[in-house]
Amino acid sequence: MEQCLTMLTGVMTMLKILPFDSKSFDLGIVLGSAYNVHITREINGSNMLEFLYPGSGDKANLIQENKIVVCQGQAYRIVKTTISNGGKSEISVQCHHVYNADTPNIHIQNIPDMIGVNPYKVIEKAFDGSDFSLISEEELNKLGMTWIGSDGFLIDFFSTDKISVYEAVNAVIENCGKGEIYTDNYRFALVERIGCDSNIRLELTKNMQNISIERDITGMVTRLYPYGYDDAHIGSVNGGLQYLQSDNADIYGVKEGFRDYSDYTEPEKIMSRAMWEFNSENKERIDVPSVNITGTFADISKLSEFKDDESLNIGDGVTVLDNGNEIYERVIKIEYYPYESESTVISIGRVKKDMYFYLEQMGLLTRRYKKVSTTSGKVKAQSVSGIISNSGIKVTGSSGQVSILSDIIEITSGNMLKTKIGNSDGKFICTVFDNSGGKALELGDDGKAEFCGNLTADKINIGENVIEVNELG
């Protein structure tokens, strides 16, 4: 079980409060009168500590916004306090883990193009100069985890600017299509998976109450159109059909969708990769409903007669027994009381590798659109980052390259610039270059044209006069 632990427990003491700029959390003033202490954690989501404190308590004056509160060895920053002076004076305190609280407020001016790199390199760049450090692969291995990209997986991360560290991490997860956040105070890692496959079986008669099971077909695909590099399809190896259809289409109907496998160029490999999406051995198969289970879990590991292997951590895989059915999923959300006997509330479900695409998809797109658009609804060219390089759009063909740089379009042949057209310094320009790199033709917005070198033509019209080649040449 030691290899599977991904929730650091620390020493079981009550809450401690420290100054806002603390980086070491061994000391601190104990908030011995705190009660109703509970922690809520979600995979790649919130990590929140909440508690109540008597308004008349001797440490009440210490509870202030932005200070650090330590619970089970982890540091949380106070982000909200509410003072109630009703029949019982008390302070309600909400804290976010220092990763969730601090990284949205660390500004990054620019992350440059990083093409064909390990995701670790982008994360390293994002955290550079911050108070956070990255956890080594060796230390993660001892905890049963591995860095995303440790298997040689590479990504293309395009230049993006004016974002926070928090946004940069989410952008890497979106780019990878996978990755789960692991934090230990000011230490960070983006891993393949947190948690482990536990042997816990959740039963109504033993350790589970009030189970609700939700099945959701949002995002389910039973007819898949797979695409490879340059939109390559599988028609040539699939009897002319460019899609694969799951047997579950007979149960749930035809629900079309697509997946991009840009790392694959051969139709056979694209098809093989796509077939895995429907495979019964794939715990993240896309042709079945996602199952979310919520219920109250009696954490019997808190009782002395039970072992630690009866406890649950975020990310753990469990088996739920309900009316004779066995359902295997992972703990994706957990709310527990570290110092009290109250039951733990857990949510169990599937964490899709492209979860950031499905999770609040419309809200995410709306926020991005507002960030990159003008008041008139047009997209700011300089804000199209992470998709198009800040240096412009470059399309390369077999014979040359077309570059759109701000208001200028450039066309090259090999390494030689041949044409430049667009707006420069408020004026329209159109220039054609010869094979020596010199100007062959230059047109201005005043209607004038300037030719350099020889001009060859069969006929030239100048006003009402015509110059043409006669029989003598």
Side-chain angles (χ1 to χ4, degrees), residues 8 15-25 28 39-51 62-71 73-82 91-112 114 119-135 148 157-175 179-191 314 356 359-360 363-373 380 382-383 385-386 390:
L8 300 184
L15 303 181
K16 297 183 297 183
I17 191 165
L18 296 93
F20 72 91
D21 55 353
S22 299
K23 296 299 183 292
S24 176
F25 310 112
I39 292 174
T40 303
R41 290 191 62 190
E42 293 181 272
I43 294 179
N44 288 359
S46 67
N47 188 351
M48 183 167 58
L49 165 70
E50 296 174 285
F51 64 92
L62 298 178
I63 299 175
Q64 300 172 3
E65 294 78 8
N66 208 38
K67 283 193 173 182
I68 297 290
V69 176
V70 178
C71 179
Q74 293 298 294
Y76 297 81
R77 190 174 298 283
I78 298 177
V79 297
K80 182 180 179 181
T81 60
T82 304
I91 305 173
S92 174
V93 184
Q94 182 183 113
C95 316
H96 293 172
H97 191 276
V98 288
Y99 168 79
N100 299 68
D102 291 5
T103 55
N105 298 314
I106 302 175
H107 179 65
I108 303 174
Q109 291 183 318
N110 174 262
I111 298 179
M114 303 182 75
Y120 181 93
K121 292 295 184 182
V122 184
I123 295 293
E124 185 178 45
K125 180 67 176 178
F127 280 98
D128 184 37
S130 74
D131 291 329
F132 288 82
S133 61
L134 302 185
I135 303 174
I148 194 80
F157 190 90
F158 294 101
S159 175
T160 183
D161 56 14
K162 290 178 285 189
I163 63 170
S164 67
V165 169
Y166 186 85
E167 291 172 319
V169 170
N170 288 348
V172 172
I173 295 175
E174 291 182 74
N175 191 308
E180 296 181 6
I181 294 169
Y182 174 76
T183 56
D184 175 15
N185 292 323
Y186 280 97
R187 303 194 308 145
F188 175 89
L190 186 61
V191 301
I314 191 74
Y356 272 88
L359 185 62
E360 299 177 349
L364 181 62
L365 292 175
T366 299
R367 290 193 297 273
R368 285 182 172 178
Y369 174 74
K370 288 180 179 179
K371 184 183 292 186
V372 304
S373 62
K380 304 173 187 174
Q382 68 271 27
S383 297
S385 56
N390 282 351

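Basis for what follows: all heavy atoms, side chains included, without hydrogens, waters or symmetry-related copies. The residues of the chain are indexed from 1 along the displayed sequence.
Smallest separation of non-hydrogen atoms from S22 and Y186: O-CE1, 4.1 Å. Shortest non-hydrogen contact noted between L18 and S24 is CD2-O, 3.6 Å. The shortest heavy-atom contact between A101 and R77 is CB-CB, 3.9 Å. Across A75 and I68, no two heavy atoms sit closer than the pair CB-CG2, 3.9 Å. Residue P104 comes nearest to S164 through the heavy atom pair O-CB, 3.4 Å, listed as atom of the first residue, atom of the second, then distance. Of all heavy-atom pairs spanning N185 and Q74, the tightest one is N-OE1, 3.0 Å.
For N47, the side-chain hydrogen bond (donor to acceptor under 3.5 Å, both in side chains) criterion is met by Y76, not counting sequence neighbours. Residues passing the side-chain hydrogen bond (donor to acceptor under 3.5 Å, both in side chains) test with E50, sequence neighbours excluded: H38. Residues satisfying the salt bridge (Lys or Arg N to Asp or Glu O under 4.0 Å) test with K23, not counting sequence neighbours, are D131.
For the atom pair CZ (R41) and CG (L49), the distance works out to 12.5 Å, reported to the nearest 0.5 Å. Separating the CD atom in E65 from the CD atom in Q94 is a distance of 11.5 Å, to the nearest 0.5 Å. Distance check, rounded to the nearest 0.5 Å: CD1 of I148 to CD1 of I123 gives 10.0 Å. How far NZ of K121 is from CZ of F157: 15.5 Å, rounded to the nearest 0.5 Å. Between atom NZ of residue K162 and atom CD of residue E167 there is a gap of 12.0 Å, rounded to the nearest 0.5 Å.
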Review point. Going through the checks in order, is the side chain to side chain contact (heavy atoms under 4.5 Å, CB included) test met by L190 and I181?
Key: CA-CA 5 Å; L190 186 61; I181 294 169; 4.1 Å; yes

Practice item. Could you check L134 against Y120 for side chain to side chain contact (heavy atoms under 4.5 Å, CB included), going step by step and ending with a plain yes or no? Key: CA-CA 9 Å; L134 302 185; Y120 181 93; 3.7 Å; yes

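Side-chain atoms of N44 come within 3.5 Å of backbone N or O of G179 as a donor-acceptor pair. In terms of modelled atom types and a separation under 3.5 Å, the side chain of K125 and the main chain of I111 share no donor-acceptor contact.
Between Y99 and F188, the two ring planes are parallel [angle under 30°; tilted spans 30° to 60°].
Residues V169 and F127 have side chains in contact (heavy-atom distance under 4.5 Å, counting atoms from C-beta outward). Contact check for V93 versus V69: no side-chain heavy atoms found under the 4.5 Å cut-off. Put simply, the side chain of F51 reaches to within 4.5 Å of the side chain of C95, judged on heavy atoms. A heavy-atom distance below 4.5 Å is found between the side chains of I17 and I78.
No hydrogens or angles considered: nothing links the side chains of S46 and N100 as a donor-acceptor pair under 3.5 Å.
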